[in-house]
**Student:** 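Got a structure here, written out as structure tokens. Questions coming.
To find a chain, count down the sequence lines: A is the first, B the second, and so on, and within it residues start at 1. Every heavy atom of this structure was used, including side-chain atoms; hydrogens, water molecules and symmetry mates were not.
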Amino acid sequence: MSPIAIIDFETTGISPNMGDRATEVAIVMLEGGQVVDRYQSLMNAGVRVNSFITQLTGITNEMVQAAPPAEQVMRDAARFVAGRPMVAHNAAFDKKFWQAELARCGQDGSHAFACTLLLSRRLYPQAPNHKLGTLAALHHLPSSGRAHRALADAEMAAHLLAQMQHDLKTRYGCTQADHALLMGLQRTSRHMVGSYLKQRAGA
DNA sequence: TGCCAGGCCCTCTTTAGGGCCTT
């Protein structure tokens, strides 16, 4: 199965349209249910990090000021992804920052994003909620660092995706739990999930 | 200091409102 790039951004806020910028990015490459490669870097976009964000993430102004320029980091990140299909938890958020930060260095960010939040709502409707930490605890996924740091969250999302691929194979008989199947599943109404997966399993 | 977005999804819905999720 071809690799999938799972990405997570730490940022100064929730909206690049309102001037928020990325402070850290991590990308984990998942292949055959295993993490096979990682990229992580803080980045300096020349903006201040407020106290709420520092408390949430542990990322300080000093850390950001000492980091490489955002454009350099984003070029490296794009090179690392190399056009592979992408996944994030609440992908609408990370996709916005991926596109906004790449646009600042004149690069195209129109990658196909699958979303573990949307997929979780379809595969695990019984979950108490669909926060990344809750789902990781629910599935007894390994944790590898402080939550709300990019690499730890990207790895957690990668483990969640691997769990989903496993469940798609063992519970629903989907032998090809690839990115195309995930994109189709997240576009499927939750009432149609069973018939969609049955159709894909038989394909 | 306090505030900001936006797509998805549910329901006491569809000519709408509000919670969830991300930082």
Side-chain angles (χ1 to χ4, degrees), chain A residues 5-28 40-65 67 70 73-74 77 86-104 109-139 141 143 145-161 163-164 182-194 196:
Chain A
I6 296 92
I7 189 167
D8 187 76
F9 278 107
E10 302 307 319
T11 70
T12 61
I14 52 177
S15 174
N17 291 336
M18 299 293 291
D20 293 322
R21 297 293 304 274
T23 56
E24 187 178 44
V25 62
I27 300 156
V28 168
Q40 178 272 331
S41 182
L42 288 160
M43 64 175 87
N44 184 359
V47 293
R48 287 197 62 78
V49 180
N50 68 38
S51 57
F52 171 78
I53 294 295
T54 295
Q55 195 166 16
L56 179 71
T57 66
I59 295 172
T60 65
N61 280 298
E62 291 73 22
M63 291 164 68
V64 167
Q65 284 162 9
V73 172
M74 288 306 298
M86 299 183 76
V87 169
H89 193 71
N90 195 14
F93 176 86
D94 292 285
K95 186 178 182 181
K96 273 191 307 189
F97 279 94
W98 177 251
Q99 292 179 333
E101 293 293 347
L102 280 179
R104 287 176 176 272
S110 58
H111 296 62
F113 272 73
C115 176
T116 49
L117 169 62
L118 297 182
L119 293 168
S120 174
R121 284 176 176 162
R122 284 153 181 76
L123 290 177
Y124 312 121
Q126 78 285 1
N129 62 59
H130 298 277
K131 294 177 184 177
L132 183 56
T134 300
L135 295 168
L138 188 68
H139 295 290
L141 303 177
S143 67
R146 174 185 171 139
H148 295 298
R149 284 300 298 268
L151 185 57
D153 281 3
E155 293 216 18
M156 198 177 287
H159 290 307
L160 176 60
L161 178 61
Q163 179 72 47
M164 289 173 169
L182 299 174
M183 293 296 287
L185 178 57
Q186 76 179 26
R187 282 193 299 265
T188 301
S189 154
R190 71 187 178 105
H191 304 291
M192 302 296 288
V193 164
Y196 171 78

**Student:** Measure CE/Met192(A) against P/dC9(B) and give the value in whole Å, please.
**Tutor:** 14 Å

**Student:** Closest nucleotide of DNA chain B for Asn129(A) versus for His191(A): which of these residues is on the 5' side?
**Tutor:** His191(A)

**Student:** Taking atom C1' of dT22(B) as reference, at what distance in whole Å does atom CZ of Phe9(A) sit?
**Tutor:** 13 Å

**Student:** Check every strand shown and say whether Asp94(A) touches a base, only sugar-phosphate, or nothing at a heavy-atom separation below 4.0 Å.
**Tutor:** nothing

**Student:** Just the rounded figure in Å: distance from P of dT23(B) to CD of Glu10(A).
**Tutor:** 6 Å

**Student:** I'd like the C1' distance from dG18(B) over to dC12(B), given in whole Å.
**Tutor:** 12 Å

**Student:** Can any side-chain N or O of His89(A) pair as donor or acceptor with the backbone N or O of His130(A) at less than 3.5 Å?
**Tutor:** yes

**Student:** Does Ile53(A) reach the side chain of Thr23(A), with side-chain heavy atoms less than 4.5 Å apart?
**Tutor:** no

**Student:** Specify the separation, in whole Å, of atom CG of Leu42(A) and atom P of dT23(B).
**Tutor:** 15 Å

**Student:** Considering only atom C1', compute the distance from dC21(B) to dT14(B) and round it to an integer number of Å.
**Tutor:** 24 Å

**Student:** Between His89(A) and dC21(B), is there a contact of a side-chain N or O with OP1 or OP2 at under 4.0 Å?
**Tutor:** no

**Student:** Rounded to whole angstrom, note down the P distance from dG2(B) over to dC8(B).
**Tutor:** 33 Å

**Student:** With P as the reference atom in both, quote the distance from dT1(B) to dG7(B) in angstrom, rounded to an integer.
**Tutor:** 32 Å

**Student:** Donor-acceptor pair, distance only, cut-off 3.5 Å: does the side chain of Asp94(A) make one with the backbone of Phe9(A)?
**Tutor:** yes

**Student:** So which protein N/O to nucleotides 1-8 of chain B N/O distances come out below 3.5 Å?
**Tutor:**
| residue | atom | partner | partner atom | Å |
| --- | --- | --- | --- | --- |
| dG6(B) | OP1 | Asn17(A) | ND2 | 3.3 |

**Student:** Under 3.5 Å, side chain of Asn61(A) to main-chain N/O of Val49(A), donor-acceptor pair present?
**Tutor:** yes

**Student:** Determine the interatomic distance between C1' on dC20(B) and the same-named atom on dT15(B); round to the nearest Å.
**Tutor:** 25 Å

**Student:** Can you tell me how far C1' of dC10(B) sits from CZ of Arg190(A), to the nearest Å?
**Tutor:** 7 Å

**Student:** Are any non-hydrogen side-chain atoms of Leu42(A) and Glu10(A) less than 4.5 angstrom apart?
**Tutor:** no

**Student:** Less than 4.5 Å apart, any side-chain heavy atom of Gln99(A) and any of Phe113(A)?
**Tutor:** no

**Student:** Could you tell me whether the side chain of Leu117(A) reaches within less than 4.5 Å of the side chain of Arg121(A), counting heavy atoms only?
**Tutor:** yes

**Student:** Just the rounded figure in Å: distance from P of dC21(B) to CZ of Phe97(A).
**Tutor:** 19 Å

**Student:** How close or far is atom P of dG19(B) from atom NE2 of His130(A), stated in whole angstroms?
**Tutor:** 17 Å

**Student:** On a whole-Å scale, what distance lies between the C1' atoms belonging to dT22(B) and dC4(B)?
**Tutor:** 14 Å

**Student:** Whole-Å distance between dC9(B) P and Arg187(A) CZ?
**Tutor:** 12 Å

**Student:** Does any non-hydrogen side-chain atom of Asp8(A) lie less than 4.5 Å from one of Leu151(A)?
**Tutor:** no

**Student:** Looking only at atom C1', what distance separates dT23(B) and dA5(B), rounded to whole Å?
**Tutor:** 11 Å

